[in-house]
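Since the structure comes first, as structure tokens, the remarks are kept for the end.
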Amino acid sequence: METIACVTGADRGLGLSLTKWLLENGYTVFAGRYMEDWDALDRLLEDYPDQLELIPLDIGDDASVQQAAKLIRDKAPHLDLLINNAGITKRSDLANIQGELDFADMAQIYNVNTLGPLRVSHALIDLLLQGDNKLVVNISSEAGSVSRNKRKEMYGYCMSKSALNMQSSILHQHLLADGGQVMVFYPGWLQSYMSGELNQEAAVPPDVSADRIMKLVMDHKAYVGEQPIFLDYEGQVWPW
């Protein structure tokens, strides 16, 4: 049976690297595309015309998510793997409690980073439950770990990832009865475009993180339990 995955935020960075890995390993991939003017997915489509489907997707918008889900349901009989990767941050979020907190920007961060994955999981859950793996992978962050926090700023981003972790636990409890699960990953300090520009000071290339995450995902049955697992990209358990 065809193995089918959906990746959000697939335009560049980790999402693009995860999409490449899946294609190289025989998956059919529905790649959520947010940036029409970024052509990396177009180039990838030339190499994998029979495996890759590009789906317009803004996870912060209800209508966009519903339209994307309809496009996927029209073409896919089931879904084996959903990777909620898309996320944002804002420069304004670097302010501390005595600075200029931008609550509108924080609300947008929460809308995308927390409610966005929930929108997508909700829209695709019936399709996912028809697959063999029934696996959701949520890309979180060390910034979401309450017990490891040392920050004095980034309220919006940190809280959005903590809330994503809680969301993961709730969804995991629902999927358990059907043999599914949720895995949560901190992908490392990535050379990504999270801030809008490529962070070349970061330690981890997206391809390296994606390769290690997917090797852990391939062994996901080993992590089935009452609670979802929160791992870093090297396989170390990360504290909630």
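Note that the structure is predicted; figures quoted are calculated from it, not measured.
Under 3.5 Å, the side chains of Asn113 and Ser160 contain a donor-acceptor pair of N or O atoms. Of the N and O atoms on the side chains of Thr3 and Asp80, not one donor lies less than 3.5 Å from an acceptor on the other residue. Between Ser92 and Asp105, the side chains place a donor N or O and an acceptor N or O closer than 3.5 Å (distance only, hydrogens not considered).
In this structure, the side chain of Gln51 engages the main chain of Tyr27 through a donor-acceptor pair within 3.5 Å. In this structure a side-chain-to-backbone donor-acceptor pair under 3.5 Å is present from Asn85 to Gly9. Side chain of Asn25 to backbone of Trp21: a donor-acceptor contact under 3.5 angstrom is found.
Partners of Asp47 by side-chain contact (heavy atoms from CB on, under 4.5 Å), not counting sequence neighbours: none found. Tyr186 is linked by a ring pair (Phe, Tyr, Trp, His ring centres under 6.0 Å) to Trp238, counting only residues two or more places apart in sequence or in another chain. Under the side-chain contact (heavy atoms from CB on, under 4.5 Å) criterion, Asp50 pairs with no residue, sequence neighbours left out.
Going from atom CD1 of Ile83 over to atom CD1 of Ile213 covers 8.0 Å, rounded to the nearest 0.5 Å. Here the NZ-OG distance, from Lys150 to Ser145, works out to 11.0 Å after rounding to the nearest 0.5 Å.
The residues Asp219 and Lys215 are annotated as not salt-bridged, no charged nitrogen and carboxylate oxygen being separated by less than 4.0 angstrom. In this structure, Asp62 pairs ionically with Arg119, as a charged nitrogen and a carboxylate oxygen lie closer than 4.0 Å. Note on Glu142 versus Arg148: no salt bridge recorded, every NZ/NE/NH1/NH2 to OD/OE distance being 4.0 Å or above.
Minimum heavy-atom separation, His172 to Glu226: CD2-O, 3.6 Å. Heavy atoms only, all atoms of each residue included: Leu22 and Ala5 are closest at CD1-CB, 3.9 Å. Of all heavy-atom pairs between Gln167 and Thr114, the closest is NE2-O, 2.7 Å.
Residues Tyr155 and Ile97 form a side-chain contact, since some pair of their non-hydrogen atoms from C-beta on lies under 4.5 Å apart.
Both Tyr233 and Val237 sit in one connected hydrophobic cluster of ILVMFWY residues. Membership requires side-chain heavy atoms under 4.5 Å apart, directly or through other members.
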Notebook entry, point to check: Under the side-chain contact (heavy atoms from CB on, under 4.5 Å) criterion, do Leu81 and Met214 qualify, and how do the steps go?
Noted result: CA-CA 11 Å; Leu81 173 64; Met214 289 310 305; 4.0 Å; yes

